[in-house]
Number of protein chains: 2
Amino acid sequence: MNAPVLSHSRCGDCPIRHRAVCARCNADELEELDAIKYYRTYEAGQPIIWSGDVMNFVGSVVSGIASLTQTMEDGRTQMVGLLLPSDFVGRPGREGAAYDVVATTDVVMCCFRKKPFEELMERTPHIAHRLLEMTLDELDAAREWMLVLGRKTAREKIASLLAIIARRDATLTPGGATNRMVFDLPLTREAMADYLGLTLETVSRQISALKRDCVIELEGKRHVTVPDMRRLMEEAGDDSDGGFLG
Amino acid sequence: MNAPVLSHSRCGDCPIRHRAVCARCNADELEELDAIKYYRTYEAGQPIIWSGDVMNFVGSVVSGIASLTQTMEDGRTQMVGLLLPSDFVGRPGREGAAYDVVATTDVVMCCFRKKPFEELMERTPHIAHRLLEMTLDELDAAREWMLVLGRKTAREKIASLLAIIARRDATLTPGGATNRMVFDLPLTREAMADYLGLTLETVSRQISALKRDCVIELEGKRHVTVPDMRRLMEEAGDDSDGGFLG
DNA sequence: GGTCCGGATTGATCTGGGTCAAAGCTCTGG
DNA sequence: CCAGAGCTTTGACCCAGATCAATCCGGACC
């Protein structure tokens with residue numbers, strides 16, 4: 001069931017190093033990280049951790065998408081975070097996991113054994129500092145999402161989700177109008193519903209509505225073109241441009 | 001408009017020291033904190049910081065309640081955090097504030113000037129460590145709240161809020177049944193609505209319903225008695241007891 | 001080709017919570 | 001004592017989104 005451990009590679013080569021916890025490490029520190037580092041793969045749908053389990057590692061997503069979810073006894077579930085490549089998983093200094101972590105697509109994780117990682121962190125202020133930064137980022141994202149969940153309409157929720165995914169995933173189509181974007185939805189309608197606090201039927205209807213109104217174009221069920229990001233941001237009820245338009 | 005700076009007092013005397021950032025500091029470090037520390041008061045309703053403002057301090061709430069809110073252009077607002085005594089405000093390493101912070105009741109804050117605080121943090125790993133812990137706590141709270149906002153019914157939302165306030169504020173009535181609790185609501189119906197993603201009318205109706213069903217007793221509009229916390233937790237749709245029952 | 005199966009879409013209907021409106025409390029100040 | 005302001009409650013009605021149910025689509029596999 002557990003996927004095989006992949007080959008080691010120098011931490012400096014890690015494909016996510018630019019945003020990762022080790023971004024500012026010197027040679028000695030990288031050496032140490034390499035010693036406790038390993039890669040691990042998970043198939044789409046596979047659980048990575050269950051809420052309450054003891055977590056013996058921390059790490060970053062290298063590729064694929066994982067989600068953090070909370071579930072009530074009666075089955076209602078709410079996704080509380082989306083882990084995209086370079087996002088960090090794990091809570092240094094905490095024993096157990098606080099949420100279920102599930103691989104939404106096939107996922108490759110870059111993991112560090114927890115105990116030695118914490119020891120290294122103890123000795124290396126800039127790693128603790130970087131972790132604090134990343135945690136503050138997550139906190140901001142969580143709180144932004146609270147506004148989406150608490151106050152936005154279904155249509156605005158969908159637009160907000162598309163905007164977030166575009167911000168992280170999409171490539172500006174070169175040469176075209178500056179604010180055209182193209183990407184693949186990494187989530188099923190049901191997963192979107194769980195993220196947005198909606199039902200999958202409502203998600204489907206609102207996506208159809210956005211398509212009908214030419215806010216987005218769809219090719220198949222997953223491939224999305226946003227002809228005008230500005231328009232999408234308006235639909236999201238978001239005044240700021242999210243930092244990706246000039 | 002700005003409230004007067006209160007008298008200094010040794011950091012060791014700080015009434016919130018038990019949970020505060022300086023909980024583990026030695027004498028030298030406390031000395032340093034004292035040098036950059038001051039108290040500040042805000043009246044109920046007064047803004048403490050506006051979203052986007054440059055923040056030149058960090059600090060903790062000593063007494064009173066403040067709230068973090070986000071507002072859309074059309075006026076819809078969502079409270080994204082409740083700051084109770086001992087909670088930390090401010091984002092070390094960040095320039096601006098991310099949300100509006102408003103004093104919901106009269107508030108006393110224990111503040112540290114930001115620049116020197118950050119320098120001290122740079123030199124003092126356990127402060128950075130403590131901040132990371134506190135930020136992780138906030139992240140957990142935010143994500144727990146996402147489940148409330150996304151998936152719970154109005155009645156469950158109210159019960160969840162009452163449970164949270166009880167957990168932080170209430171005293172177990174000594175001698176009585178072990179799980180009886182009494183406290184004062186520190187929020188108006190409107191503020192509750194903003195926290196819960198509801199309207200104030202719905203909040204009022206659901207509180208009346210909980211009263212009618214004997215889940216709570218009300219004396220005036222703010223003084224609440226919970227005769228059986230277990231029952232309240234059930235109403236909140238929360239299987240766990242939140243850690244305060246035997 | 002056909003059949004299965006796991007999404008996704010679309011329609012019909014229902015309902016929880018929003019909206020609009022009218023009182024009702026309680027405190028302050030004259 | 002009354003008047004007014006601010007908060008709260010309650011009622012009547014409405015609508016966005018949930019629920020229930022019927023297809024539909026596009027692979028994978030025989």
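We name chains A, B, ... by the order of the sequence lines, and we start the count at 1 in each one. Atom set for the values below is all heavy atoms of this structure, side chains included, hydrogens, waters and symmetry mates excluded. The structure presented is a predicted model; accordingly, all values stated were derived computationally and were not measured.
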Answer whether the closest heavy-atom distance between the side chains of [X] and [Y] falls below 4.5 Å.
X: A:Y99; Y: B:D140; answer: yes
X: A:V89; Y: A:F57; answer: no
X: A:L139; Y: A:R143; answer: yes
X: A:L149; Y: A:Q78; answer: yes
X: B:R189; Y: B:I207; answer: yes
X: B:L68; Y: B:D100; answer: no

Can you tell me the distance, in whole Å, between the [atom1] atom of [X] and the [atom2] atom of [N]?
X: B:L196; N: C:dG16; atom1: CG; atom2: C1'; result: 15 Å
X: A:E190; N: C:dA8; atom1: CD; atom2: C1'; result: 12 Å
X: B:L200; N: D:dT10; atom1: CG; atom2: C1'; result: 12 Å
X: B:M192; N: D:dC7; atom1: CE; atom2: C1'; result: 11 Å

Worksheet item: With the sugar-phosphate defined as primed atoms, P, OP1 and OP2, and the base as all remaining atoms, what B/S/- string results for nucleotides 15-20 of chain D, 5' to 3', for protein heavy atoms under 4.0 Å?
Response: --SSBB
Practice prompt. Please check if atom CD in A:E73 has more than 12 non-hydrogen atoms from other residues, nucleotides or ligands closer than 6.0 Å.
Written response: yes
Worksheet, complete the sentence: OH of A:Y38 to CE of A:M109, rounded to nearest 0.5 Å, is 8.5 Å
Practice prompt. Mind running a 4.0 Å heavy-atom check of residues 211-224 of chain A against DNA chain C and sending the residues that fall below it, in number order?
Written response: A:K221, A:R222
